[in-house]
Colleague: 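Submitted below is the structure of interest, expressed as structure tokens.
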Amino acid sequence: MAAGARAPQPRVLLCLGALLARAVSAGLEAVVIGEALGSVTLLCGNASAPRGLVTWYRNDSEPVFLLSSNSSLPPAVSRFSLVNASALHIEALSLQDEGTYTCQEVLNNTRCFPVSLQVADGPYQVEVNISTAGSLPNGTLFVAKGSQAAFSCRSSARPPPLVEWWFQAAPGRAELFGSNRTLSSFVLLQMSPGLQGNYTCAATNTLSGRQRKVTAELLVYSPPTSAPQCSAETSLVSSTLQLTCRWDGGYPEPDFLWTEEPGGMIVGNSTLGVETVNNSQVEDGKTFKCLGSHIVGPALGASCVVQIKSPSLLSEPMKTCFVGGNVTLTCQVSGASPLAKILWLRNLSQPEVVLQPSNHYLITQAGQSSNLTVHNCSRDLDEGYYVCRAENPVGVREVDIWLSVKEPVNVGSMVGTIISLFLLGVATISGLLLYYSPVFCWKGGTLRGQDMGDVMVLVDSEEEEEAEGVEKEDADEEEDETREELTKEVHKHGHIHRVTALVNGNLEQLKNGLQDLQDDNSAQQSDSVQDEEPS
Ligand SMILES: *[C@@H]1O[C@H](CO)[C@@H](O)[C@H](O)[C@H]1NC(C)=O
Ligand SMILES: *[C@@H]1O[C@H](CO)[C@@H](O)[C@H](O)[C@H]1NC(C)=O
Ligand SMILES: *[C@@H]1O[C@H](CO)[C@@H](O)[C@H](O)[C@H]1NC(C)=O
Ligand SMILES: *[C@@H]1O[C@H](CO)[C@@H](O)[C@H](O)[C@H]1NC(C)=O
Ligand SMILES: *[C@@H]1O[C@H](CO)[C@@H](O)[C@H](O)[C@H]1NC(C)=O
Ligand SMILES: *[C@@H]1O[C@H](CO)[C@@H](O)[C@H](O)[C@H]1NC(C)=O
Ligand SMILES: *[C@@H]1O[C@H](CO)[C@@H](O)[C@H](O)[C@H]1NC(C)=O
Ligand SMILES: *[C@@H]1O[C@H](CO)[C@@H](O)[C@H](O)[C@H]1NC(C)=O
Ligand SMILES: *[C@@H]1O[C@H](CO)[C@@H](O)[C@H](O)[C@H]1NC(C)=O
Ligand SMILES: *[C@@H]1O[C@H](CO)[C@@H](O)[C@H](O)[C@H]1NC(C)=O
Ligand SMILES: *[C@@H]1O[C@H](CO)[C@@H](O)[C@H](O)[C@H]1NC(C)=O
Ligand SMILES: *[C@@H]1O[C@H](CO)[C@@H](O)[C@H](O)[C@H]1NC(C)=O
């Protein structure tokens with residue numbers, strides 16, 4: 001067998017020496033590309049006509065017999081076989097198979113066909129490395145906005161592969177980022193939301209065209225831009241306390257943890273930041289804390305607190321209205337967190353009724369201040385207690401306001417009063433004009449203004465009261481100014497004292513106070529002065 005294999009050699013050498021050299025120099029050498037571990041078929045020429053005896057050689061340093069269509073000559077290696085009695089089929093290709101093959105065909109004459117076989121290998125593996133990025137539980141990478149990210153991709157193949165990076169921000173639109181043979185790396189210095197997307201490294205074997213890709217999804221996260229904000233509201237559905245924490249501008253959404261302070265008992269944990277607090281946990285003065293945490297935000301998170309407070313009320317304890325006139329009761333809520341709902345109720349002879357806006361009652365609210373205007377006052381219908389009630393999930397506070405309805409004062413005496421006051425004003429001005437130099441008189445413009453203002457206030461505040469008081473004012477005009485201001489002060493303070501008493505729930509004191517107010521105005525003043533003396 002070994003002798004048989006060697007037998008054709010002299011003719012081969014002849015063929016190779018003459019014909020093959022001619023074919024190669026003419027550029028007629030066929031090139032066939034195979035892949036490692038794959039199979040390949042080398043054709044002997046291109047004729048599909050009936051063939052003569054075909055013998056294949058490998059042209060290394062010297063021709064080596066591979067196989068022949070003469071069935072009495074067995075193939076050198078079992079990986080080689082003939083197809084259609086002419087083509088050389090090679091299985092399980094290895095890199096060592098690369099080289100030049102020669103097909104010798106013996107028909108009327110002898111012809112040689114050289115075939116060059118190239119074996120490509122890989123790429124089998126693509127190594128992708130993206131630095132300064134964390135990874136999510138599902139494997140997706142993320143990087144903080146503004147930071148830098150370094151990309152590198154490495155792959156090996158024979159021949160060395162072409163390595164390219166592609167970036168896809170939105171489906172269907174890919175952009176070539178960088179390419180280099182065997183290694184491609186680049187750094188993005190300032191990551192922005194526009195650079196979020198899929199990064200694909202593709203390694204291509206330029207010989208076989210085989211390509212391998214690795215895609216990494218990279219998210220560009222940004223922390224919230226401002227500080228978190230805590231607020232407490234009354235839930236519309238159940239009138240329970242609802243805590244809301246907002247921390248805007250971040251991507252993705254932050255997580256919020258609401259706790260009770262002190263103690264840190266957990267109220268809830270969510271990405272919404274909204275928690276409803278069971279009424280049993282709501283106490284006046286209690287503080288709730290929201291801790292926001294963001295994946296690329298501050299390591300310790302950021303927090304805000306909200307304190308829950310019941311409302312406090314401020315109002316005049318009594319008001320007077322003339323029959324057929326209008327009167328406005330004012331109720332001022334302060335300190336309520338969450339904001340209080342303000343209601344007006346009647347408490348005359350009938351049980352408590354919530355007043356609804358109507359032709360008779362006008363209710364307006366600005367912020368936490370509510371006004372109840374009673375139109376066309378009538379003694380039978382409208383005189384009595386009015387209750388202003390402020391409530392939030394922490395507490396309910398009420399203040400009572402007594403409305404007394406009076407017949408209008410005699411018009412003649414009113415007119416008389418106004419005229420006498422006017423005269424008083426004129427007299428004062430004239431006195432001042434005479435007393436001071438003209439220069440000073442000019443300066444006195446403001447003084448005069450003040451006087452007028454005081455006179456107006458006097459009319460306003462005293463209009464409900466008996467003419468007796470006004471006559472007194474007539475008597476001593478010098479003291480009038482200072483005393484009037486004092487009276488105003490006293491009025492204010494007196495009211496505040498009484499309201500405080502109310503809010504503190506001291507109803508007895510309230511009733512007595514109101515009684516005093518009704519009965520005698522001067523008595524009320526002295527009361528108030530007494531109130532002030534200890535402080
Ligand atoms: C066969 O090869 C010859 C040269 O060797 C060429 O001239 C001819 O066109 C080829 N025929 C076909 C069908 O490829
Ligand atoms: C075939 O082998 C001979 C002898 O070593 C060499 O001179 C020739 O260049 C080879 N031909 C090819 C196509 O490799
Ligand atoms: C086939 O090979 C045998 C043994 O080498 C040889 O005797 C025979 O002549 C060959 N046949 C042809 C057609 O070349
Ligand atoms: C073998 O011959 C058949 C029929 O002529 C043809 O279809 C097939 O392509 C040939 N195979 C090769 C490898 O040339
Ligand atoms: C080859 O020889 C045969 C006879 O054996 C003949 O008929 C044929 O024409 C010849 N072909 C060529 C190309 O010379
Ligand atoms: C991984 O999770 C992130 C955030 O939940 C999401 O945006 C991304 O699409 C996920 N990736 C995969 C491959 O599921
Ligand atoms: C990135 O790839 C994931 C799956 O591999 C796909 O769900 C997502 O839509 C891709 N994103 C873009 C921007 O192409
Ligand atoms: C390609 O990568 C090699 C190896 O890192 C490097 O030396 C070469 O400069 C790179 N070429 C280009 C065009 O980036
Ligand atoms: C309030 O919490 C208590 C226990 O903490 C629970 O038993 C009760 O059902 C809760 N009430 C509501 C209205 O959620
Ligand atoms: C009372 O209010 C009504 C409606 O605003 C108005 O028409 C009327 O003139 C007011 N009466 C007095 C005395 O101010
Ligand atoms: C309001 O009415 C309730 C019951 O109807 C009574 O207990 C309460 O004393 C009343 N308040 C006032 C200020 O009249
Ligand atoms: C005011 O009330 C009285 C009875 O209370 C009624 O007769 C009168 O028409 C009312 N006036 C207006 C303007 O509503």
Side-chain angles (χ1 to χ4, degrees), residues 126 128-130 132-145 147 149 151 166-174 191-201 213-224 247 249-256 269-273 292-297 319-330 344 346 348-350 353 355-366 370-384 386 403-411 414-415 417-418 456 459-465:
V126 179
V128 160
N129 188 21
I130 302 179
T132 71
S135 68
L136 298 176
N138 67 10
T140 297
L141 301 170
F142 68 87
V143 66
K145 181 182 161 191
S147 68
F151 299 76
W166 293 85
F167 169 63
Q168 195 168 12
R173 192 166 53 83
M191 292 302 287
S192 65
L195 293 170
Q196 171 172 308
N198 287 343
Y199 289 82
T200 301
C201 176
K213 290 181 183 180
V214 169
T215 297
E217 188 175 15
L218 181 62
L219 302 173
V220 180
Y221 282 167
S222 46
W247 197 19
Y251 169 74
E253 290 297 317
D255 286 318
F256 298 103
N269 197 348
S270 72
T271 50
L272 267 181
S293 53
H294 191 269
I295 190 164
V296 295
K319 273 285 198 176
T320 305
C321 180
F322 291 112
V323 172
N326 303 335
V327 69
T328 296
L329 314 183
T330 299
W344 288 94
R346 270 310 296 275
L348 193 58
S349 50
Q350 71 262 66
V353 184
L355 297 183
Q356 302 299 334
S358 64
N359 289 342
H360 194 54
Y361 298 117
L362 174 68
I363 298 173
T364 56
Q365 188 172 338
S370 180
N371 287 341
L372 167 68
T373 303
V374 180
H375 289 300
N376 192 13
C377 288
S378 89
R379 184 173 287 230
D380 293 345
L381 282 174
D382 299 319
E383 192 165 73
Y386 287 77
L403 178 65
S404 55
V405 180
K406 296 187 172 180
E407 292 297 333
V409 181
N410 177 309
V411 174
M414 281 287 281
V415 169
T417 306
I418 290 164
M456 293 307 286
V459 172
D460 273 354
S461 61
E462 299 292 319
E463 68 185 358
E464 313 157 359
E465 284 147 36

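One-based numbering, in listed order, for ligands and for the atoms of each. If you read the sequence from its start, that first residue is 1, and numbering goes on from there. Quick caveat: nothing in here was measured; it's all calculated off a predicted structure.
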Colleague: If you scan the protein for heavy atoms around atom 9 (O) of ligand 10, do you find one that is closer than 4.0 Å?
Modeller: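 No, because not a single protein heavy atom sits under 4.0 Å from atom 9 (O) of ligand 10.
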Colleague: For atom 1 (C) of ligand 6, what is the nearest protein heavy atom, given as residue, atom name and distance?
Modeller: Asn138 ND2, 1.5 Å
Colleague: Could you check atom 11 (N) of ligand 6 against the protein and tell me its nearest heavy-atom contact, residue, atom and distance included?
Modeller: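 Minimum-distance protein heavy atom for atom 11 (N) of ligand 6 reads Thr140 OG1, 2.9 Å.
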Colleague: So which protein heavy atom does atom 5 (O) of ligand 12 come closest to, and at what separation?
Modeller: Ser378 CB, 4.1 Å
Colleague: Can you give me the closest heavy-atom contact between Thr140 and Glu217, atom names plus distance?
Modeller: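 That would be CG2-O, 3.6 Å.
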Colleague: Is there a donor in the side chain of Ser378 and an acceptor in the side chain of Asp380, or the other way round, less than 3.5 Å apart?
Modeller: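 Result is no, nothing qualifies.
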Colleague: To the nearest 0.1 Å, how far is atom 6 (C) of ligand 10 from its closest protein heavy atom, and which atom is that?
Modeller: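 Answer, as residue, atom name and distance: Asn326 ND2, 4.1 Å.
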Colleague: Taking the six-membered ring for Trp, are Phe142 and Tyr221 parallel (under 30°), tilted (30 to 60°) or perpendicular (over 60°)?
Modeller: parallel
Colleague: Among all protein heavy atoms, pick out the one at the shortest distance from atom 13 (C) of ligand 12; state its residue, atom name and that distance to 0.1 Å.
Modeller: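 It is Asn376 ND2, 4.2 Å.
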Colleague: What protein heavy atom is closest to atom 4 (C) of ligand 6, reported as residue, atom name and distance in Å?
Modeller: Leu136 CD1, 3.8 Å
Colleague: Suppose we measure from atom 7 (O) of ligand 6 to each protein heavy atom; which comes out shortest, and what is that distance?
Modeller: Leu219 CD1, 3.9 Å
Colleague: Run the numbers for me: atoms of ligand 10, each under 4.0 Å from some heavy atom of His375, listed by number.
Modeller: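 Under 4.0 Å from His375, ligand 10 has these atoms: 1 (C), 2 (O), 3 (C), 4 (C), 5 (O).
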Colleague: Is there a donor-acceptor contact under 3.5 Å from the side chain of Asn371 to the main chain of Ile363?
Modeller: no
